[in-house]
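Computed from a predicted structure; not experimentally measured.
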Amino acid sequence: MLRFDDVLSAAEVVGRELPATPLQAHPLLDQALAGRAVLVKHENVLPTGAFKVRGGVHLAARLSDEERTHGLVTCSTGNHAQSVAYGARLAGVRATIVMPADAPASKRDAVRALGAEVVLVGASLGEAAEHARGLAAASGAAFVCPTDPRIVLGHATAYLELFGQAPDLAAVFVPVGSGTGAAGACLARDALAPGCRVIGVQSSAAPAGWRSWRSGTIETAPATTRAAGLATTTGYPRTQEVLRDRLDDFVLVDDAEIDEAARLLATCAHTLAEGAGAAALAGARAAQDWPAGPGPVAVMCTGGNASVDEIARIAGLAVAA
């Protein structure tokens with residue numbers, strides 16, 4: 001059971017290591033959303049370039065003696081990998097990260113730079129996860145699920161900050177891969193800002209979380225999106241349990257819409273965002289049922305670890321515009 005009191009405890013841990021991230025208005029983005037006030041939560045400025053480091057920091061402080069002795073194994077397309085590697089370095093424990101073979105080179109290199117071992121296996125996150133679990137079982141290391149409660153609670157601290165910075169939000173748009181950010185948003189919203197809508201955003205080329213939320217059962221789906229942080233192939237039971245009754249809406253956007261949102265962040269908000277980091281803005285632009293409240297809308301820029309290909313696409317769109 002994930003509880004708000006545990007989010008408060010996680011915030012004490014995370015706050016000792018990481019600074020609060022800015023919540024910033026960008027008038028040109030308001031124009032792009034037909035004049036609606038938009039605030040960007042800049043999680044991209046954290047040490048690993050993404051909000052997920054919050055989970056790694058909290059995990060590091062809550063490791064068991066056995067985990068400290070035998071080390072950690074996890075799977076990721078990139079930002080969760082860096083988060084666990086960062087946390088493992090803080091705690092002085094070994095970490096092995098299994099990544100799909102096509103994980104962005106910049107993210108592989110970043111994980112290695114943090115001191116973790118990288119193993120490249122499979123064509124999808126699902127295949128990498130299967131290998132990671134087997135590796136953990138064979139080595140005696142602990143497998144860290146991307147939705148480990150310690151990870152989710154660490155991620156929720158971003159929304160504790162958000163609602164402290166802007167208690168009058170009408171809505172917050174949150175990208176969904178495994179769903180830890182959206183689950184954390186719901187936990188914080190319910191306690192601090194019950195009038196705010198939490199709206200998930202996922203790529204239509206990786207809709208497993210969206211399908212799971214719609215059906216109420218855990219579903220799988222291929223992940224062909226270019227946005228590595230959204231490329232999950234299954235819904236996750238722990239986060240779906242939170243999202244099922246608390247998430248107000250869930251929007252699908254295509255990869256072209258995500259690229260356009262990344263262009264807008266670059267040109268209107270002076271912000272380099274990776275695909276997952278731009279997805280919330282793409283969802284805000286695509287939402288059919290616009291939040292009716294009078295307050296501003298927040299979009300979570302969850303990561304700035306754009307690959308060379310992503311930067312090239314953003315530049316091409318900017319030139320064309």
Could you tell me if the side chain of [Y] sits less than 4.5 Å from the side chain of [X], heavy atoms only?
X    : Y    : value
R246 : V198 : no
E67  : L72  : yes
T157 : L18  : no
R285 : L33  : yes
C268 : H26  : no
L169 : L39  : yes
L272 : N44  : no

side-chain contact (heavy atoms from CB on, under 4.5 Å) between L230 and I258, intermediate numbers included: CA-CA 11 Å; L230 304 179; I258 292 173; 3.9 Å; yes
ILVMFWY network linking [X] to [Y], side-chain heavy atoms under 4.5 angstrom:
X    : Y    : answer
V152 : Y236 : no
L162 : V297 : no
W210 : V253 : no
M300 : V7   : yes
V53  : L63  : no

[atom1] of [X] to [atom2] of [Y]: how many Å apart, nearest 0.5 Å?
X    : Y    : atom1 : atom2 : result
E130 : L135 : CD    : CG    : 12.5 Å
T217 : R211 : OG1   : CZ    : 11.0 Å
F4   : L153 : CZ    : CG    : 11.0 Å
L59  : K52  : CG    : NZ    : 13.5 Å
L114 : Y86  : CG    : OH    : 8.5 Å
R108 : S76  : CZ    : OG    : 12.5 Å

Chi angles and distances behind the salt bridge (Lys or Arg N to Asp or Glu O under 4.0 Å) call for D109, R112: CA-CA 5 Å; D109 292 344; R112 292 190 181 104; 3.7 Å; yes
Is it true that [X] and [Y] make a salt bridge, defined as a side-chain N closer than 4.0 Å to a carboxylate O?
X    : Y    : result
E161 : K41  : yes
D248 : R189 : yes
D309 : R226 : no

Stepwise side-chain contact (heavy atoms from CB on, under 4.5 Å) test for L243 and C186: CA-CA 7 Å; L243 300 180; C186 290; 4.2 Å; yes
Given 3.5 Å as the limit, does a donor-acceptor pair link the side chain of [X] with the main chain of [Y], or not?
X    : Y    : result
S212 : E219 : yes
R197 : A170 : no
T74  : V144 : yes
S83  : N79  : no
E310 : S307 : yes
T233 : A223 : no
Q240 : G209 : yes
E241 : R238 : no
E117 : T96  : no
N305 : E274 : no

T225 side chain to D255 side chain, donor-acceptor N/O pair below 3.5 angstrom: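 The answer is yes; a qualifying pair exists.
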Polar contact flag, side-chain donor to acceptor under 3.5 angstrom, T21-E43: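 There is such a pair between these side chains.
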R214, CZ: over 12 other non-hydrogen atoms inside 6.0 angstrom: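 Atom CZ in R214 is not crowded, with 12 or fewer foreign heavy atoms closer than 6.0 Å.
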Residue pair R3, D5: steps toward the salt bridge (Lys or Arg N to Asp or Glu O under 4.0 Å) verdict: CA-CA 5 Å; R3 303 178 307 165; D5 285 349; 5.0 Å; no
is_close_aromatic(H155, H80), centroid dist under 6.0 Å: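 Here the rings of H80 and H155 have centres that are no less than 6.0 Å from each other.
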